2 protein chains.
Amino acid sequence: MQQRHPVTIVDVAQRAHVSAGTVSNALTGKRPVSAATRERVLRAIEELGYQPNLLARSLVNRSSNTLGVVAYGLEYYGPSRTLVGIEQQAAELGYSLLLDLLHRPDRQDVDAVLDELTARRVDGIIWAVHEVGDNHVWINEQRLLALPPMIFLTMERRPGASIVSTDNRAGAALATQHLIDAGRRTIGVISGPPTWWEVRERIAGWRSALDAAGLDASDALVAEANWTATAGEVALQALLARRPDVDAIFACNDQMALGALHYCHASQHRVPEDISIVGFDNTPESAFFWPALTTVRQHLAELGRVAVDELHGQIERRVQGREAATPTTRALQPELIVRESSGRRTRTAA
Amino acid sequence: MQQRHPVTIVDVAQRAHVSAGTVSNALTGKRPVSAATRERVLRAIEELGYQPNLLARSLVNRSSNTLGVVAYGLEYYGPSRTLVGIEQQAAELGYSLLLDLLHRPDRQDVDAVLDELTARRVDGIIWAVHEVGDNHVWINEQRLLALPPMIFLTMERRPGASIVSTDNRAGAALATQHLIDAGRRTIGVISGPPTWWEVRERIAGWRSALDAAGLDASDALVAEANWTATAGEVALQALLARRPDVDAIFACNDQMALGALHYCHASQHRVPEDISIVGFDNTPESAFFWPALTTVRQHLAELGRVAVDELHGQIERRVQGREAATPTTRALQPELIVRESSGRRTRTAA
DNA sequence: CAATTTTCTTAAAACGTTTTAATAATTCGA
DNA sequence: TCGAATTATTAAAACGTTTTAAGAAAATTG
């Protein structure tokens, strides 16, 4: 790269008849500078169009004011919303973001990614890769101590790790309870791949609500799918073949709920009369499914913001010298959005 | 930030009984090092767990191996897909990504964002903010010369600016022609906000196809909406009130198409028999709308990849010293995905 | 007004690399 | 075996900041 900005702090210093250190002080305000010289310095900066080189500053400060974000599945609704939240709060706190995407959720090149981020001396890292299979086995107390402060999104508790996550169990229970309250008695679940931690949590939530109500929560009522609408459609078909008495479905995301809706249309099951359906995520489209989908809303952007806040706190604490920043776990409560697919049919043409 | 990696290149040098310069050479391979010493150096690195400080390296190299990405609307399908493509290709070429999001597409703090990126000495910038209203007025040849190489996504040609974009005009023409071929004669358009450049392009494509076929393309046939399903629903209602003879709709995105579908259901218009509908984007859900949506597929990830390739080329060229890298413009061709909402009804229960 | 204190400035030393210019160690013909 | 040519290595000088330790100037005392 050719230098576009060859004007350096000593250029400014010369022009202001002052030393480089003084320019630095005037700029950062870390030590006092007389009003007169500050004035001169600022004018020189203005006139020369000086822009501090953040790389040099980071080098000597041993802090880059940068956070690393490692994410997976940005093409999906949840992760991209969360990233927006992360970016907002990071900008708010004055951090820049270094983005790394994994193209598969499984193990792969975790080390390469972490090396790159630490080589760039990020102040902290947000690991926004969902826990699936054993892709998180590398995380342990020992390893974490050798890394900058980290926050993990959406994973099971682990010693030494700070976690921010939606309370998936509560969300699923909310959905299931709503169906129970509406008088449904045989409530199936269309799950995502059970290798995903969130899926297991959501199934657990579904089961706990049914158990509490004394209803059937046997494995025959869970149909696995892979998050896609196509799979949701197939899953419902299989489930109904097994249990024709199913009168409600809790789908672990809105897309699979959409597939289920699609199947109901095609097979002449009325929704919600014959089969009630509840989704998860509250994607923007879900209100426009036919019928409009009842679903569970996660606060995705908030998730990102909270993660950055936590990370910021940890960074500050480590700077203070209190080495063993105690890890924290935060669970965000989701909420139920009731629409037509689960209850009385109220909506009419706009 | 406390230093996690206090081990520096001179530590390695000492341990390998060699000078720092030699370690550097062994590592970068920029000048020859004897096999024996290289061996010793590599072992020392291994033993000490040395990791080069990329900030220091960037400082002296005057190049950070980093690209800045400025994006808007990551929570939507298109931008997030494109970002994925950008990241993939950037990783491929060895760049890290510095991400900045604008939270509104309009003018706002462009300068602050650019300053931050140049202060971090990015090698190039991808401006992935759609052109809406006058948010791109700041872009001119003069200004661009003072900035690192840039690629703009989805905007009108401007002197001195390199652009990568989908051929929206062609995509809209494709959709419209398809409806014409299916025998439709009164084809309305549900447009996004005409302040958006892409929207104007898509309307132009729609109009050109109709003009070529000698069909009505009057303003009464265009209904403005704001990209959302809600607005699409309302727009169709208004359009039908004005022109009850409409027998087909080209919606400028899938969400508005979804809203239109929704309105048709609610108002007892059959799709595609009474009204055929074509969308734009080919979101994953679109295949599961009821009926499945015919739509135009943009190659969004490809868009991002191409942008990075172009940028990489410009960076290389500028390094070579050929200062005035001639700006380039590339248009990616979209394709039509025919499903049920526009034609014969073929799909049955899965 | 001299003796302190306080407030500003500064030159020089970091920060952790790469590159330059010079030197030392090889290899190679003759 | 001797220079000449090549190949490896190094010490020192960048890169553009901040910080340290010290000194100068100004303000405050008695």
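Proteins come first, then strands; the chains are lettered A, B, ... in the order of their sequence lines, and each starts at number 1. Since we're looking at a predicted model, the values are computed, not measured.
Here the side chain of B/Asn61 is nearest to one of C/dT17, C/dT18, D/dT18, namely C/dT18. Checking C/dT17, C/dT9, D/dT17 against the side-chain heavy atoms of A/Thr8 singles out D/dT17 as nearest. Proximity note for A/Leu59 (side chain, C-beta onward) versus C/dG16, D/dT18, D/dT9: the nearest is C/dG16. Nearest to the side chain of A/Asn53, among D/dT17, C/dC8, C/dT18, sits D/dT17.
Residue-to-nucleotide proximity on DNA chain D shows that, of A/Val23 and B/Val60, the 5′-proximal contact is made by B/Val60. Nearer the 5' end of DNA chain C, as judged by each residue's closest nucleotide, is the contact made by B/Ala56, out of B/Ala56 and B/Gly21. Mapping A/Arg57 and B/Thr37 onto DNA chain D by nearest heavy atom places B/Thr37 at the nucleotide closer to the 5' end.
When the C1' atom of D/dA8 is taken as reference, atom CZ of B/Arg40 falls 11 Å away, rounded to whole Å. At whole-Å resolution of the value, CG in B/Leu48 and C1' in C/dG16 are 15 Å apart. Atom-to-atom, CD1 of B/Ile9 to C1' of C/dC15 comes out at 13 Å; the value is rounded to the nearest Å. Summarising the geometry, the separation between CD on A/Glu39 and P on C/dC8 is reported as 16 Å, rounded to the nearest angstrom. Rounded to whole angstrom, the span from the CD atom of B/Gln14 across to the P atom of D/dT10 amounts to 12 Å. The separation between A/Leu54 atom CG and D/dG16 atom P is 14 Å, rounded to whole Å. One atom, CG of A/Leu55, and another, P of D/dA14, lie 20 Å apart when rounded to the nearest Å. Across the protein-nucleic acid pair, A/Asp11 atom CG and D/dG16 atom C1' stand 10 Å apart, rounded to whole Å.
As judged by a 4.0 angstrom heavy-atom cut-off over every strand, B/Thr22 is placed among the base-contacting residues.
A pairwise comparison of heavy atoms in A/Pro105 and A/Val129 identifies O-CG1, 4.1 Å as the closest pair.
Not one side-chain nitrogen or oxygen of B/Ser58 sits closer than 4.0 Å to the OP1 or OP2 atom of C/dT17. Using a 4.0 Å cut-off, some side-chain N or O of B/Arg62 falls inside it from OP1 or OP2 of D/dG16. Checking the phosphate oxygens (OP1, OP2) of D/dT18, no side-chain nitrogen or oxygen of A/Lys30 falls inside 4.0 Å.
For the pair B/Glu46 and B/Arg43, the salt-bridge criterion is not met [side-chain N within less than 4.0 Å of a carboxylate O].
Each of B/Leu114, B/Leu67, B/Val69 was compared with B/Ile125 under the side chain to side chain contact (heavy atoms under 4.5 Å, CB included) criterion, and only B/Leu114 meets it.
Formation of a donor-acceptor pair under 3.5 Å by the B/Thr154 side chain with backbone atoms of B/Ser165 is not found in this model.
Checked by atom type, the side-chain pair A/Gln51/B/Thr118 shows a donor-acceptor distance below 3.5 Å.
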